[in-house]
Protein chains: 2
Amino acid sequence: MMPLNKVSDQQMFDQLLEVFRVHGYEGASLSLISEATGLKRASLYHRFPGGKEEMAKSLLEHVDELFATEILAPLNESGDPKTRIRQMARHLDAFYQGGRGSCLLDTLSLGGTNTGLLKDIHASISAWTDAMATVARESGLSAAKARRRAEEALVQIQGSLVVARITGDPAPFMRALKTLPDLLTDPDYH
Amino acid sequence: MMPLNKVSDQQMFDQLLEVFRVHGYEGASLSLISEATGLKRASLYHRFPGGKEEMAKSLLEHVDELFATEILAPLNESGDPKTRIRQMARHLDAFYQGGRGSCLLDTLSLGGTNTGLLKDIHASISAWTDAMATVARESGLSAAKARRRAEEALVQIQGSLVVARITGDPAPFMRALKTLPDLLTDPDYH
DNA sequence: GTCTATAGCTTGATAGAC
DNA sequence: GTCTATCAAGCTATAGAC
């Protein structure tokens, strides 16, 4: 049976992600969203009665789920920690388009506290940090050191994405991904 | 003699910087800019006939000058490299408001290639990277290593600013600043 | 569930008085 | 050099047909 919607949720969220990650919350106009998704204004409001803020909020939830199940869950299963971290790095490579795409948490956090998104953004980044801290802990690092290294990994990823965007060269991101296995497991990395 | 302008250039650029670094280019509306600077729309267009794009471009030039003379120039003068790097770190601490302010190059680079700002942004980041690579080179690192470390320093700064903004905790930025002297001078940092 | 049409406000930008 | 008043275009959001 064919889907009732002309545009699947998957397609819509893919395009929604693209618009919000490129333009941020304030820059993501309904015209841009409508054009990207192929859904007219009124159709968007049918799916998201709460308007633009609900679009961003639902997108965050969608990406959160995708992150949790496809990227973070495998990180904390059984097996060699470094191998699992390399697996996460591969998924991050795909998700961030080889360093050519920005982080949604970054671009959505711009513009101050206008929206009620900050709590959700905060929760997302915490879940990610926790997952990386857990695998670092399992690899033998102390709890404190594991958390610190997870935060450093986050800084590496976010920073390299920003530098890649500014310079137009994704190389820093690829290098950052390569450092993750050692950064998150080696007690004497620094 | 009193200045002819009710609002000095210094005051105006300070507020312009605040609006653009918080909201990005697309989110920085003339209403926000007008309110922040205390200048009505028409007055802003008197100073910047090219409109919003010229405001951002002039601001970039202004910040570039400030960066070059107050932050980067001392970096490449005489004296102990580590001391000079610590001096830069203090200036960065002030400029980025202890990690509570975003980087203008980051927020202005959002929204794609709509504007002619990308070249200026690119030039700014290059000058900064070059200055850090130079001091790293002077401290004894090879040219290639010096450049790589300068890029890593940039990633640390940009990444910690993003994480600080997302989490609301400036601690990562303060830690990043502390690592700069060793990162830019120690051949065996990693 | 999607669409056209529209309302009302905000945007970037301009004209002209002082 | 700053202002008020105004413009056309864009914005978010809604009403109602199919």
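Note that the coordinates shown come from a computational prediction; the quantities given were computed from them, not determined experimentally. In what follows, chains are A, B, ... by sequence order, proteins preceding strands, each numbered from 1.
Side-chain atoms of A/Arg21 never come within 3.5 Å of backbone atoms of A/Gly101 as a donor-acceptor pair (strictly under, hydrogens ignored). Judged by distance alone, the side chain of A/Lys52 and the main-chain N or O of A/Ala28 form a donor-acceptor pair under 3.5 Å.
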What does the B/S/- profile of nucleotides 13-18 of chain D look like, 5' to 3', with a 4.0 Å heavy-atom cutoff to protein? BBB---

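Closest approach to the A/Ser31 side chain among D/dG1, D/dC11, C/dT2 is made by D/dC11 (side chain taken as heavy atoms from C-beta onward). When the nucleotides D/dC11, C/dC3, D/dC3 are ranked by their closest atom to the side chain of A/Lys40, C/dC3 comes out on top.
Counting all heavy atoms, side chain and backbone alike, B/Ser160 lies closest to B/Ala176 at OG-CB, 3.5 Å.
Remark: B/Ser58 pairs with B/Phe13, B/Phe48, B/Glu54 by the side-chain contact (heavy atoms from CB on, under 4.5 Å) rule, at least two apart or across chains. In this view, B/Phe95 and B/Phe67 satisfy the ring pair (Phe, Tyr, Trp, His ring centres under 6.0 Å) rule, not counting sequence neighbours. Applying the side-chain hydrogen bond (donor to acceptor under 3.5 Å, both in side chains) criterion to B/Asp169, with sequence neighbours excluded, gives no partner residue.
Linking Ile, Leu, Val, Met, Phe, Trp and Tyr residues whenever their side-chain heavy atoms come within less than 4.5 Å leaves B/Leu60 and B/Val22 in two separate clusters.
By the 30° and 60° cut-offs, the orientation of the rings of B/Phe173 relative to B/Tyr96 is perpendicular.
In this structure, B/Glu35 places its CD atom 15 Å from C1' of C/dT11, rounding to the nearest Å. Atom NE2 of B/His46 and atom C1' of C/dA13 are 16 Å apart (whole Å). Rounded to whole Å, the distance from NE2 on B/His23 to P on C/dT11 is 11 Å. Rounded to an integer number of Å, the gap from CD of B/Glu26 to P of C/dG12 is 11 Å. Distance, B/Phe48 CZ to C/dT14 P: 15 Å, rounded to whole Å.
For residues 59-72 of chain A, the side chain to side chain donor-acceptor pair (under 3.5 Å) pairs, not counting sequence neighbours, are A/Asp64-A/Ser124.
Non-hydrogen atoms lying under 4.0 Å from DNA chain D are contributed by nothing in residues 10-22 of chain A.
If you check every strand for non-hydrogen atoms under 4.0 Å, A/Ser43 touches a base.
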